[in-house]
Amino acid sequence: MDAFRIQGGQRLTGTISVDGSKNAALPLLAAALLTDDHVSYSGIPKLSDISNMLTLLKELGCSISEDEQTTTVKVEDSSNAHARYDIVRTMRASVCVLGPLLAKRGIAKVSMPGGCSFGDRPIDLHLRGLEALGARIELDGGDIIAHAERLRGATIFLGGPFGSTVLGTANVMSAATLASGQTIIESAACEPEIVDLANLLNAMGANISGAGTPRITIKGVDELTGTKHEIMPDRIVAGTWAIAAAMTNGDIKIERFPLNQLLAVRDVLEHVGVHIHQLDAEQDTNACSVQIVTDRVLKPVIFTTQPFPGFPTDLQAQMMALLCLARGNSIITEKIYPERFMHVPELSRMGARLVRQGATVVVQGVDHLVGAPVMASDLRASASLVLAGLAAEGETIVSRVYHLDRGYANMEKILKSLGANIERLASEQVDDFLPAVETVSKNQVIQSNS
Ligand code: EPU
């Protein structure tokens, strides 16, 4: 398994641009199952999760054609409606084929996703929503099997103990486009990725209003057609780059920055002393150019992760790495995934002073972090370790970067272009740089399924 070797201490400077969003692209690709026409996407990021989704779509009878700019999906054969365990276990988001398959083919068989490295990740709300649309759902041999002649519109409440569900909203909204009659989703997820999906579906002929608010109304139609769509920029990648600049006291310009979708992050960063300046006030705030400028002394802050428009859980780990370097005590509370703290013991190995109690971590700021061999078992935790490594004194080896390859395209190349001293070590090189006790068996693969 590849690793990153980072010599910390380089100030990041320069200009980068944000790629298309992974978490938007996954349900949008699955939506191609709702039509027999071509659906073409631009801005699909080159990530392992995306390759997994394209492999799954091929298994489900789609042809895929790709060039530098565009990925086109077309259903050729509708006979297989089974998303197998092999794929679902490597990528939880495979579950977003459930709604489209059921609505278009009348049957969907999707392996039940298990928990993941940061806790239980149930899909009860997805299933409840589809049942409300008239699906008959059973569990057989670890597979969810859903049947329906034709779904029928209903009013559905999608709130759960931790708020709404993003992929659950995507599944129910997609399925309801082809239902008879009107569907209202109450307590829908308001995330921008849901708005991007609704925009795609409407361009395919669906009739959806209210996406981006807690009440989405879908008037069912008989069929959907093909379209072309550009994927929105990745707000989590954008936020990660902003925090990377701040961690190295850097000064970087980021293009295609979705400022409008990161207002909670901007607010927390502003308290800390990190300023996101929009460079051209005329530009679309969903994809504008910004400059990240950081005060010399970082201040502590208290924040809680929340559903959109609150502070995103997917930037909690990266923000924790930054707050390790603030002068004073910060408090972070995780309200979406109370167990999402895999990075805490690893950051501690780098000199961070962190005290966890349940879903809250107190971060006592330190003067500096020190490089160390570290590993993490999910995507965003790994990102926080890379950021910590950029700021740390000495050398950091971040093992298992396959987690990062799921969500950050060319991470080391982008950071290098900003002046970071970072290189990718191929699996066979890694042992040369790790103390013997850190060596990970080449056969040991931690399930990667966030
Ligand atoms: N939940 C339930 N029941 C359900 C579904 C969810 O109780 O049926 C709970 C979850 O356990 C969690 C909360 O509701 O506590 C929110 O989960 P949600 O369903 O919204 O998560 P998701 O849709 O599976 C997406 C992103 C995650 C991101 C979350 C929250 C994708 C592919 N994944 O997951 O992204 O953390 O929303 O914003 O869109 C990542 O990119 O690193 C990542 C994990």
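Whatever order the structure lists them in is the order used to number ligands and atoms, beginning at 1. As the structure is a computational prediction, the values presented were derived from the model and not from experiment. Numbering of residues begins at 1 and proceeds along the displayed sequence.
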(Q) With a 4.0 Å cut-off on N to O distance, would you call Glu193 and Arg235 a salt bridge? (A) yes

Q: Applying side chain to side chain donor-acceptor pair (under 3.5 Å) between Glu334 and each of Arg340, Gln316, Arg356, report the one that passes.
A: Gln316

**Q.** Heavy-atom nearest option to atom 6 (C) of ligand 1, drawn from Gly160, Pro122, Ala383
**A.** Pro122

Q: Using distance alone, decide if ligand 1 has a nitrogen or oxygen within less than 3.5 Å of any nitrogen or oxygen in Leu125.
A: yes

Q) How about Tyr41 and Thr70: does a side-chain donor come under 3.5 Å of a side-chain acceptor? A) no

Q: Report the part of Tyr337 in contact with ligand 1, treating N, CA, C, O as backbone and CB onward as side chain, heavy atoms under 4.0 Å; options are side chain, backbone, both, neither.
A: side chain

Q) For ligand 1, does Asp314 get within less than 4.0 Å through its side chain, its backbone, both, or neither, judged by non-hydrogen atoms? A) side chain

Q | Results of side chain to side chain donor-acceptor pair (under 3.5 Å) for Arg266 - residues two or more places apart only | A | none

Q.
If we only consider heavy atoms of Ala93, is any one of them less than 4.0 Å away from an atom in ligand 1?
A. yes

Q: State, without any angle test, whether His229 and Asp196 hold a side-chain donor-acceptor pair at a distance under 3.5 Å.
A: yes

**Q.** Non-hydrogen atom of Asp120 closer than 4.0 Å to ligand 1
**A.** yes

(Q) Less than 4.0 Å is my threshold; does some heavy atom of Arg340 fall inside it relative to ligand 1? (A) yes

Q: Output the list of atoms in ligand 1 that are nearer than 4.0 Å to some heavy atom of His126, sorted by atom number.
A: 8 (O)

Q: Step through the shown structure and confirm whether more than 12 heavy atoms of other residues, nucleotides or ligands are within 6.0 Å of CZ on Arg150.
A: yes

(Q) Does any N or O of ligand 1 fall below 3.5 Å from an N or O anywhere on Val166, backbone included? (A) yes

**Q.** Polar proximity ligand 1 side, Arg92 side, N/O cut 3.5 Å exclusive
**A.** no

Q.
Heavy atoms only, cut-off 4.0 Å: how does Leu127 contact ligand 1, side chain, backbone, both, or neither?
A. neither

Q. Which atoms from ligand 1 have a heavy atom of Lys22 less than 4.0 Å away?
A. 41 (O)

Q: Check each of Leu26, Ile50, Thr55 against Met91 using the side-chain contact (heavy atoms from CB on, under 4.5 Å) test, and report the only one that passes.
A: Leu26

Q. Gly163 to ligand 1: N or O pair under 3.5 Å?
A. no

Q. Do Phe162 and ligand 1 have an N or O pair less than 3.5 Å apart?
A. no

(Q) The criterion is side chain to side chain contact (heavy atoms under 4.5 Å, CB included); which residues satisfy it with Lys109, sequence neighbours excluded? (A) His82, Asp143, Ile145

Q: Identify the residue among Lys416, Lys413, Arg5 that makes a salt bridge (charged side-chain N to carboxylate O under 4.0 Å, His left out) with Glu423.
A: Arg5

**Q.** For Arg121, atoms of ligand 1 separated by under 4.0 Å from a heavy atom
**A.** 22 (P), 24 (O), 34 (O)

Q) Would you call Pro27 and Val166 a side-chain contact if the rule is heavy atoms closer than 4.5 Å? A) no

(Q) With a heavy-atom distance limit of 4.0 Å, tell me whether Thr313 approaches ligand 1 through its side chain, its backbone, both, or neither. (A) side chain

Q) Thinking salt bridges, do Glu138 and Arg136 make one under a 4.0 Å N-O criterion? A) no

Q. Does ligand 1 have an atom under 4.0 Å from some heavy atom of Gly168?
A. no

Q: Find all atoms of ligand 1 within a distance of less than 4.0 Å from any non-hydrogen atom belonging to Ile123, and give their numbers and elements.
A: 4 (C), 8 (O)

Q: Would you check whether Asn23 has a nitrogen or oxygen atom less than 3.5 angstrom from a nitrogen or oxygen atom of ligand 1?
A: yes

Q: Grab the two heavy atoms, one from Gly205 and one from Val221, that are nearest each other, plus how far apart they are.
A: O-CG1, 3.7 Å

